[in-house]
Amino acid sequence: MEFRQAIRDALDEELARDERVIFFGEDVARPGGVFAVTPGLQEAHGSDRVFDTPISELALAGAAFGSAVCGARPVIEIMFGDFLPLAMDSLVNQAAKYWYLSNEQASVPLVVRSAIGAGGRFGAIHSQNPASWFTNVPGLKVVAPSTPGDAKALLKAAIRDDNPVLFLEHKRLYSLKDDAPAAEPAEIGVAAVRRTGGDVTIVSAMKGVHDCLAAAELLAESGIEAEVIDLRTLRPLDSGTVLESLARTNRLVVVEEGPMTGGWAGEILSLAIENALEHIDDAYRIATADTPIPYSPTLEDAFLPSAQSIASNIRSRLGVSTAEAVGFTG
Amino acid sequence: MSTVAPAAGAATTELDRDASIALYRRMRLIRRFEDTIQSLFQRGEVHGTTHLYSGEEASAVGVCSALEPQDRVAGTYRGHGHALALGVPTGGLLDEMLGRSTGVCGGRAGSMNVVDLDHQLIGCFGIIGGSIAAATGASLALRSRNGVAVAFFGDGTTNHGYFHECLNFAQVMKLPVVFVCENNLYGEFTPWEDVTAGQIRSRPEALEMSAVTIDGNDVWTVHAAAREALAHARRGDGPYFIEALTYRFVGHSRSDPGAYRKPGELDAWRQRDPLKLARAALADVFDVGEDELAEIEAAVDGELEAAVEAGLAAPYPEPGIARQFKD
Ligand SMILES: Cc1ncc(C[n+]2csc(CCOP(=O)(O)OP(=O)(O)O)c2C)c(N)n1
């Protein structure tokens, strides 16, 4: 099943299961979304529950917040993650703080879905990964799946969660396929070990997981066995799975599609240093340069971490050249 | 408050024969540029997505031909037309779409984010409403230099917070800014009336801002309205709002076939193609003959062919030389 279909199914099933769930956004209902993720939901669930809105991100997020504190379970779509700053006030200053400040009078069960990520030549303002802008906000969960199965199970969990959840969908994953996902919701905040290996722990999320898995195959040719961890959720972070792996491999590489400065990769390094200094032989980040995302193919390709660049980076950091391809035992 | 639209089809005598021919040439250049982009897209030379301006040429050309050199313009992600109307070099713009180092932004910006300060373009803005804010701010700086800022934006954008906040800001401060709403009837795939309460023009009018609704497909009408708006702003009478009624002949962006259009709508608007109207008016009012028109058209086609050839031969930027931010 395609990633986009998994998301559609999660919405479809949750709209059917719970009449409090509503879904709205720009061009999501009749046209079915700019990435063709949501066709047919309006026909199935009616225009009171699934509807198109004006181009009004501030109103969308505010409406989601207000309806959520009054008993609805809204899911909204902010078309591109780059437009999230326009919705940020309601999410950050209202939704994320409300449960705490109101002394727990009402929760804010809303979900914001948004398409993020580079690699499509969409230029600087349609390609960003806004995750780190939001992982700094207490009260907000940030979910970032990498597979169709997780997309479905985690979106269902997000909709059932009583907290505001930002649900990030990497554009380059929409056409990715895997087996039909389970109908059950997953647990938010639990990472997955996608590949086991004893030499180095590579941590990533979303499309980065696939790049890291491909990099791990390249590293295996040089005799380096990498363990690849898919975070699945960026807030709350599953530090246990990361630290456990690090204790076995003693080396940690975090791969983030996003600028290094202030990114979530730095948070994971901090966790490791604070909790497992004795296990660390090496720990570092691979992220994008601190520039906007360029349009030109040559610039964008060089800008983004790729399987090749991740593998060669790790190889050279570990002092193993491709030519040597000798067994690396750590 | 002026709300009376100038008569449609008015090839004005404010512009002489040569100036009028220049308007047509510019519109033709934009149309052929967009056709070229579309075919280069199909060949995989233009990447990501683009939002073409075909059908709306009279709006950009009519407004930009009325500007003074000290004026500045903020365009949209549908900005090729805004850029070319300002005289951004065809080759530099095309090379930008091709992602080459010879592009006006060195290949960094692409279709949606072009900037060319040498040609009065403070930017094209991929976030809707960004153009409105940028022009409002520009007018703050320009007022001491007798300059006016112009913001282009679509009908869908009038529902955005940027629109409401900036129009009020500009009106309260009596800023020299002209807001040009290009009402092409759709925001992406949604008809404007499905998501917009009331009439667009009543919004600036509620702020007691001078506003006019015009035929956005007649380049002389647009030019005349822009002259009035610019003079108003330059006099210190504050912002001015133009709603230009027009239509895009293509889908919203690359992958959109435009299936949501109402039956017959496209054909009806094609009858009112701004190039067709201008061609007819040039013949009627200025007696421009078929030969002369054909010569202009051939020259434009030649300019584009040369640009494509040069662009495809131009180098891609070297990743290594991208500068970091200045300290
Ligand atoms: C803040 C923001 N929200 C959504 C989008 C996605 N988007 C791009 S164009 C567009 C429609 C804009 O319609 P309109 O203002 O009428 O301009 P037109 O495209 O018709 O020229 C939308 C929703 C965006 N670019 N920016």
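FYI, side chains are in, hydrogens and waters are out, and symmetry mates aren't considered; it's all heavy atoms of this structure. Letters A, B, ... mirror the listed sequences (proteins, then strands); counts begin at 1.
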*Could you tell me whether a side-chain N or O of Y186(B) sits under 3.5 Å from a main-chain N or O of G156(B), the two making a donor and an acceptor?*
no

_Heavy atom to heavy atom, less than 4.5 Å: which residues from residues 33-53 of chain A reach chain B?_
V34(A), T53(A)

*Looking just at side-chain N and O atoms, do E182(B) and S59(B) make a donor-acceptor pair shorter than 3.5 Å?*
yes

*Got a sec, which pairs hit side chain to side chain donor-acceptor pair (under 3.5 Å) with one end in residues 159-168 of chain B, sequence neighbours left out?*
E57(A)-H160(B), N159(B)-T196(B), N159(B)-R203(B)

*Between the side chains of E96(B) and Y295(A), is a donor N or O closer than 3.5 angstrom to an acceptor N or O?*
no

Under 3.5 Å, side-chain donor or acceptor atoms of residues 257-266 of chain A against the rest of the protein: list the pairs with distances, not counting sequence neighbours.
residue : atom : partner : partner atom : Å
E257(A) : OE1  : H170(A) : NE2          : 2.7
E257(A) : OE2  : A118(A) : N            : 2.7
E257(A) : OE2  : H170(A) : NE2          : 3.4
T261(A) : OG1  : D290(A) : OD2          : 2.4
W264(A) : NE1  : E256(A) : OE2          : 3.4

*Applying ring-ring contact (aromatic ring centres under 6.0 Å, His included) between H82(B) and each of F125(B), Y77(B), F152(B), report the one that passes.*
F152(B)

_Under 4.5 Å from any heavy atom of chain A - which part of F189(B)_ = both

*Let me know if D256(B) has heavy atoms under 4.5 Å from chain A in its side chain, its backbone, both or neither.*
neither

Donor-acceptor contacts, no H, no angles, side chain residues 42-51 of chain B, under 3.5 Å, sequence neighbours left out:
residue : atom : partner : partner atom : Å
E45(B)  : OE1  : R100(B) : NH2          : 3.1
H47(B)  : NE2  : E45(B)  : O            : 3.1

*Any idea which of A302(A), P294(A), P54(A), S56(A) has the most non-hydrogen atom pairs under 4.5 angstrom with chain B?*
P54(A)

